[in-house]
Structure formats: structure tokens, C-alpha cells
2 protein chains.
Amino acid sequence: MAVKKSPRAATPTDEQRFLKGYDASRFYRPSVAVDVALVTAVEGELATLVITRTEHPFKGFQALPGGFLREAEGLDEAAARQLQTKTGLSGVYLEQLYTFGDVGRDPRTRVVTVAYYALVDGNRFRKATAGKDAITATVRVPWEGETGGPVELVDATGRPLRLAFDHDDVIGMAIKRLRGKLDYAPIGFQLLGDTFTLLELQRVHETVLGRPVNKDSFRRRMLASGQLDATGRSQRGVDHRPAELYRFARRSAV
Amino acid sequence: MAVKKSPRAATPTDEQRFLKGYDASRFYRPSVAVDVALVTAVEGELATLVITRTEHPFKGFQALPGGFLREAEGLDEAAARQLQTKTGLSGVYLEQLYTFGDVGRDPRTRVVTVAYYALVDGNRFRKATAGKDAITATVRVPWEGETGGPVELVDATGRPLRLAFDHDDVIGMAIKRLRGKLDYAPIGFQLLGDTFTLLELQRVHETVLGRPVNKDSFRRRMLASGQLDATGRSQRGVDHRPAELYRFARRSAV
DNA sequence: AAAATAGTGTCTATGAGACACTATAGT
DNA sequence: ACTATAGTGTCTCATAGACACTATTTT
């Protein structure tokens, strides 16, 4: 994302001398963490992966997978590492969301956390939650549109989950971002497998937006967008006329 | 932005004992800074305030106003403080943009910087740049739409400015965000004074978007949006028919 | 009167929503 | 044959763009 920087100012010797004498410990340094909201859409509901905390603070509460930033890694790298370590997933869509840094948000010490969200299809999500402590949390979004705010999470039995820190805010912001980008960016595809029917894509959009979308105009828009490649193959084993399977057309670098 | 958190887990004594024994220095902690891109639109051009660095690294380069996060302040607070300290401005529109944390972005030490952007009208911007080291940098955006990327900055005489760190990326992302939000959020008004004509508002939109917008439909959209209150007053001293002055209608909490 | 921009009315093109209709699989 | 969803064609309505025309100020 960020572009590398090469030029530097002043005479090398002068600057090098300065840098050598620089003492980073002069300034206050908070802890920095990354948290990842892994989001999927299954059966008309949004879900995210949470882990029950076994340590203080918020012991017994659910938290997003996350952890402290390491010295030799960038933020995106740290988020990908957390995802890999805690869920076994790699190569998924991952995007920075927002940075949370309120003074009292972590009772241990000051922690500034850079929140990310990741998108996967239902199958990969299921594999990710097969791990020991992971819980699939169904997301209940108490607002329409992109108004933001925290969300409510329930487990598979419908019981409310208590989220640690401000992690319900993080998930709320992920939903907000998702809804806002859905019509512009090719992110709906990230919530589906390799091939899918137009109706499946529509259901994903409806799940994310939390409202039904018009079938006719949705089809037209999608087919006209140039983002879909027809595979020529069709569904099999459905008890009605099978729909054509499409594939997401990764735009070639034009 | 973030919602306060009150409930806590487990028995108080147990958790309190844990927190007392917590050693924050066990984990690596990078420096955390905030940088603010103060943006305005004047005479068809976007401008931002930069400060010439008098210290290494990037001595002699221009940088955004910014500085290290303090122990007792939140991120938004820190950004507002930087703006107040470095430009004298307060009470302006301020929004978190993105967090930059590449390993080598600051040669002194690892610095994670939370970037903000702020919007002001031309008059307030002029006052802000009246300060000693501040320079008005005109922003040249080498792309249309919201494609992102760094921008090029020139001073009042058209000479290119060299930006420190990845600050050209930060400004580029501010433009990107601005363009993306302009049609949804009431941010165009932030770039104008208390009252303004529809043409002035249109010029601001054109400046932000980097392209002309249709006059007729712009008027219709704005008037239909309910975001404008007619003041009943008109321009004075212009050599043509004076336009009505409008005011931004801060939506009451409906 | 001329110049310049403000503001209105209307026509057209485009895209979304609604709806009717045909197509094709499994049972 | 029946059911359920796929997919097409067409009409309507809302909105953006284009354009013509009138209004009002200073010089």
C-alpha cells in the first residue's frame, strides 16, 4: 500500500551522526496491537470468528484474533500473521479498517490497536473455526445503511456473547465499511468460492446490506459490470432449472 | 467515535491482582505519532499546510504537522492538539484517515503514525499558514477518481516540494477519501465559510473532484438534499446578478 | 445597453424497479 | 404434469445532463 521512500536530506555524514545518537526511549511509547475481524456470510447471516479469552483482562469474554505488533513486521504483515496463527488462513482479502486508541480501552496498559477486517467464503470460514478455541459468532446489526456503531453477537444457540475491549465497535465498523464498499469495490466475490451463481451473489449482497435487493437490476448491474466471467458450466443436482456458474474476473492490469 | 466500555470479567480481586502484576515492558513497543493533513480548496486548487523540517531526518524537507502520542490522550485528541499547536486552529472537521506502519518509514526508529485529515475554508487556512514555518503547498493530483497513490506538491511559485517520510502518500489518501465521501457526507461545506453561494459550493466540489460538474443537476441535487438553508440574503458588490447566500443546515438530531 | 452570472422550465438519455413471460432442471 | 428457479423482454419512474430562456445586478 505505502510507497517506498528513497531520497534523504542533507549530507549523509551529518544525518547518520544524528541517527546514531537518536534515543527512541526519550518519548512515551504505547503498546501497539493488530486485531482482525474475519467476516463471512452464510445462510443469510453475517458471522465473525471470536476467541474466548483465557487470561485477564476480560477473561471469559470473547475477543477478536489479534496480538502485539513485532519489531520487524509492517502492519499488514502483522494482521496476516495473526490470521494465519489464530485461524490457519492465508491469502485472504485483508484490509485496514480503523485504529482504536482511547486511553482506557485496555485496563492493562495503553494499547493502540490497528483493526483489520478479512473476508472469506463459508467453507474456508468453517475450516478456520474448526480450531480449538474459535467460536462462530453471528452478527446482529441493529441499524440499516452505514450508520455505524457497535453490533450484537450471538453464538450458534442464539445466546448473546460478551465482547472484550471495544471489539464490538470494531466489528460494527467492519460491517459499515463492507456495506459502503460493496457497490464499488469487488468485495462481494471475496465472500464466495471460486464459482457461484448470480442468485448466490445476490444473497451475499443482501446479507451484507441487511435488506433485499432487486433481482432484475442486480443481474443487469453485475453482468454489465464486466466483473463476471461465465464459466459455461451449470449447477448440478438442484431441483429446478440449474443456473449458470460465474467466476470473478480479476481485472487484468489495463 | 469509540463507545465506552464498562463491564469487566471474573472476580474483581482476581483481575485486579493480575493487572497490578502486568508488565507492559515485556512486549516490544514502537513509537506512535499522529500526523494531520490540513486541506483546503482555494481558487480551483487544493492546498495543504506543510512545515519545513529543521531537524534530521529529512532535514529541509517538508512534513505534515504531527508529533508523538502522549500517555494521557486519545488519538483524536492528539490530532486536535497537533493542529492547535502547529496551526492555531481548533474546532475544525477532523477525521482519522489511515495508519502507516511500514518498518523503514522513519529512519530514526520504528514509528507507527495515525494519519488524520482536517478541512477548513480558505480564510482560516490563510490564518493558519501565517505562522512562522508553515508553507502553503498546492496539491497536484495526477489521477482522476479515487485511484489513490501519492501526490505532487508545489509551493506558491510552482517549485516542487520534497515531502518527508511517506507524507505524500498521506495527502494522496486524504484526497482519495475526500473524493469518495464528497457525494455522501456533508464535507464540502467544511471547505467554505458560514455562508456561500451555490456556485461557490460547486467550485469547491469541482476542485476536490478535479473535474467540472454539471451546474443544473448540481443545483438540483444540493437544493433537494435538505442540507442547505437559504439565508434570504444575497451577495453584494459583484458585477452581475447577485446570488442568494446559503448556510449549511446542521441536521437536527432526528 | 452591455456584460455577466443567477435561476427556471423542459426535453432527453440512462438506470432501477416492476412485471410478464419463457426455459429447464428434478420429482 | 408440477414445482421451483433461471433468464429475457418491456414498461414505467426517477434522476442526470443538455439546452433554452428569463432575471437582476454593476458598469
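Excluded from the calculations below are hydrogen atoms, water molecules and symmetry mates; all remaining heavy atoms, backbone and side chain alike, are included. Quick note on labels: first sequence line is chain A, next is B, and so on, each numbered from 1.
- Atom CZ in Arg233(A) sits roughly 20 Å away from atom P in dT24(C) (whole-Å rounding).
- For the pair Phe218(B) CZ and dT8(C) P, the interatomic distance rounds to 15 Å; values are reported in whole Å.
- Rounded to a whole Å, the CZ atom of Arg236(B) is 13 Å from the C1' atom of dT26(D).
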Residues Tyr116(A), Glu95(A); criterion side chain to side chain donor-acceptor pair (under 3.5 Å); working and verdict: CA-CA 6 Å; Tyr116(A) 280 75; Glu95(A) 183 185 320; over 6 Å; no
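- The interatomic distance linking Leu245(B) (CG) with dA6(C) (P) rounds to 11 Å, in whole Å.
- Considering only the side chain of Pro242(B), dT24(D) comes nearest among dA6(C), dA6(D), dT24(D).
- Contact annotation for Glu244(B): backbone-only contact, meaning every heavy-atom pair under 4.0 Å involves sugar-phosphate atoms and none involves a base.
- In this structure, Leu201(A) atom CG and dG7(D) atom C1' are separated by 16 Å, rounded to whole Å.
- Both Thr197(A) and Asp239(A) lie close to DNA chain D; mapped to their nearest nucleotides by heavy-atom distance, the more 5′-ward contact belongs to Asp239(A).
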Verdict with supporting geometry, Glu200(A) and Arg203(A), salt bridge (Lys or Arg N to Asp or Glu O under 4.0 Å): CA-CA 5 Å; Glu200(A) 286 168 346; Arg203(A) 295 282 176 256; over 6 Å; no
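- Interface remark: the Arg241(A) side chain does not form any donor-acceptor pair with the dA4(D) base, using a distance-only criterion of under 3.5 Å.
- Between the side chain of Arg220(A) and the base of dG17(C), a donor-acceptor pair under 3.5 Å is found.
- When each of Arg221(B) and Asp216(B) is assigned the nucleotide of DNA chain D with its nearest heavy atom, Arg221(B) is the one assigned upstream, toward the 5' end.
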Quick one: do Tyr98(B) and Asp169(B) satisfy side chain to side chain donor-acceptor pair (under 3.5 Å)? Show the steps, please. CA-CA 10 Å; Tyr98(B) 196 81; Asp169(B) 261 314; over 6 Å; no
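- Between Ser217(A) and Tyr246(B), it is Tyr246(B) whose nearest contact on DNA chain C lies nearer the 5' terminus.
- Residues Leu178(A) and Tyr117(A) form a side-chain contact, since some pair of their non-hydrogen atoms from C-beta on lies under 4.5 Å apart.
- A donor-acceptor contact closer than 3.5 angstrom is absent between the side chains of Asp133(B) and Thr52(B).
- Rounded to whole Å, the distance from CG on Asn214(B) to C1' on dA13(C) is 13 Å.
- Atom CD of Gln235(B) is separated from atom P of dG7(C) by 8 Å (rounded to the nearest Å).
- If you measure from atom NZ of Lys215(B) to atom C1' of dG9(C), you get 13 Å, rounded to the nearest angstrom.
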